[in-house]
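Okay, structure first, notes after.
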Amino acid sequence: MKIISGIVKVLIVCLMAILLIGCVTVIDWSISKLLRTLVYLTIVLFILFYRNGNIFRYFWNDPQWMTSGQRLMANVGLVLAFLFLPLGDPGPMSDPDPSFTMEENNAIYMVAVVIVYMLWFAIGIGGAWMYRRAFRKNMPADPVAYEAELKHQEEMSTWMVLSEFNDPAEAHVLKNRLESNGVEVLLYGDNAPLYLGSGSHRAPVRLCVRRHQKETAERLVNE
């Protein structure tokens, strides 16, 4: 999902760059199309960023509070918001219906054009709202503090070496004692193959505990 999300965002950035070049160079850009696109972008960006500055912070890295379904919803929303961005001017009417007068044909044509652009705006604005909704659904009150806490918890849950033993039996005795007191234990090197040595030449067995349980484990060892 993260790979798909990254591809979607790269394509959108490329599309925005092409749009910017088109606006600057005014190649095949009428004033009406330029104004229409600017109005559309203003509305979409307003929906995305109004009281929601964290979207810019997490644009490339999807926040951890979003579920897979919310990431999918956000990516679909981005695609819908920017899919029709380079929508061109309709141009002159072709193949008018001979059963209608020119005025009637022009009126029907203009109604069709208005409907197309109304659908374009509705789809794009709906897509922007989808992204905003998915992004904010589970967003914590303080995203920075939330990420810092997650990082702290991740660091505290990593394994660390508490003791080393040349005799695996001693390691198992301490392991059983710690586990009976609620300490999670991992023995590293307990099942080492014979070619790594034996007796005094054997690779030591490392008894590892979670970092956040280090103090509890040390207290139990020293009792």
### Message
Tell me the closest heavy-atom pair linking Val209 and Lys214, and the distance in Å.
### Response
CG2-CA, 4.3 Å
### Task
Take Leu207 and Val161, measure what side chain to side chain contact (heavy atoms under 4.5 Å, CB included) needs, and give me the verdict at the end.
CA-CA 6 Å; Leu207 187 145; Val161 177; over 6 Å; no
### Query
Can you find a pair of side-chain heavy atoms, one from Thr216 and one from Asn181, that are under 4.5 Å apart?
no
### Message
Which heavy atom of Ala217 sits nearest to which heavy atom of Val183, and what is that distance?
### Response
CB-CG1, 4.2 Å
### Query
Any idea which heavy atoms bring Ala171 and Leu187 closest together, and the distance?
CB-CD2, 4.0 Å
### Single-linkage hydrophobic cluster Leu150~Phe135, side-chain heavy atoms < 4.5 angstrom
yes
### Message
What I'd like to find out is whether the side chain of Pro140 reaches to under 4.5 Å of the side chain of Trp65, using heavy atoms alone.
### Response
yes
### Query
Considering all heavy atoms of both residues, which atom of Val221 and which atom of Arg177 are nearest to each other, and what is their separation?
O-NH1, 4.2 Å
#### Entry: Heavy-atom side-chain contact between Ile55 and Tyr131 under 4.5 Å
yes
### Message
Quick test of your reading of the model: are Glu179 and Lys175 salt-bridged, counting only N-O distances below 4.0 Å?
### Response
yes
### Message
Once side chain to side chain donor-acceptor pair (under 3.5 Å) is applied, do any residues pair with His212, and if so which ones, sequence neighbours excluded?
### Response
none
#### Entry: Rounded distance (nearest 0.5 Å) linking atom CG of Asn222 with atom CD of Glu218
7.0 Å
### Query
Could you give the distance from NE2 (His152) to CZ (Arg211), rounded to the nearest 0.5 Å?
11.0 Å
### Task
Say whether, by atom type as modelled, one donor and one acceptor occur between the side chain of Arg210 and the main chain of Ser157 under 3.5 angstrom.
yes
### Task
For Gln213 and Gly182, indicate whether the former's side chain and the latter's backbone hold a donor-acceptor pair under 3.5 Å.
yes
### Task
Identify the heavy atoms of Cys208 and Trp159 that sit nearest to each other, and give their distance.
O-CZ3, 3.5 Å
### Message
Is the shortest side-chain heavy-atom distance between Asn52 and Arg136 below 4.5 Å?
### Response
yes
### Message
Whether the side chain of Arg57 engages the backbone of Pro143 through a donor-acceptor N/O pair (distance < 3.5 Å, no angle test) should be reported.
### Response
no
### Message
Hydrophobic cluster membership, with links at side-chain heavy-atom distances under 4.5 Å among I/L/V/M/F/W/Y: are Met66 and Phe49 in one?
### Response
yes
### Interatomic distance, Arg132 atom CZ to Arg51 atom CZ [nearest 0.5 angstrom]
9.0 Å
### Query
Can you tell if the side chain of Met130 reaches within under 4.5 Å of the side chain of Val76, non-hydrogen atoms only?
yes
### Query
Could you state the interatomic distance from NE2 (His172) to CG (Asp167), rounded to the nearest 0.5 Å?
9.5 Å
### Partner residues of Tyr40 under the ring pair (Phe, Tyr, Trp, His ring centres under 6.0 Å) criterion, sequence neighbours left out
Trp120, Phe121
### Query
How is the hydrophobic cluster of Val173 composed, in terms of its other members, when Ile, Leu, Val, Met, Phe, Trp and Tyr link through side-chain heavy atoms under 4.5 Å apart, directly or indirectly?
none
### Message
Are there over 12 heavy-atom neighbours, none belonging to Gln153, within less than 6.0 Å of that residue's CD?
### Response
yes
### Task
Kindly check if the number of other-residue, nucleotide or ligand heavy atoms within 6.0 Å of CD (Glu155) is above 12?
yes
### Message
When you compare the side chain of Val185 with that of Leu162, does any pair of heavy atoms fall below 4.5 Å?
### Response
no
### Query
Going hydrophobic residue to hydrophobic residue with side-chain gaps under 4.5 angstrom, can you get from Leu119 over to Tyr117?
no
### Task
Look at the side-chain heavy atoms of Ile, Leu, Val, Met, Phe, Trp and Tyr, link any pair under 4.5 Å apart, and say whether Met156 and Met160 land in one connected group.
no
### Query
Heavy atoms, side chains only, cut-off 4.5 Å: are Pro63 and Tyr146 in contact?
no
### Task
Following the transitive rule for hydrophobic clusters with a side-chain heavy-atom cut-off under 4.5 Å over Ile, Leu, Val, Met, Phe, Trp and Tyr, establish whether Leu186 and Leu220 coincide in one cluster.
no
### Summary
Closest heavy-atom pair, Phe82 versus Val44, reported as atoms and distance to 0.1 Å, is CZ-CG1, 4.2 Å
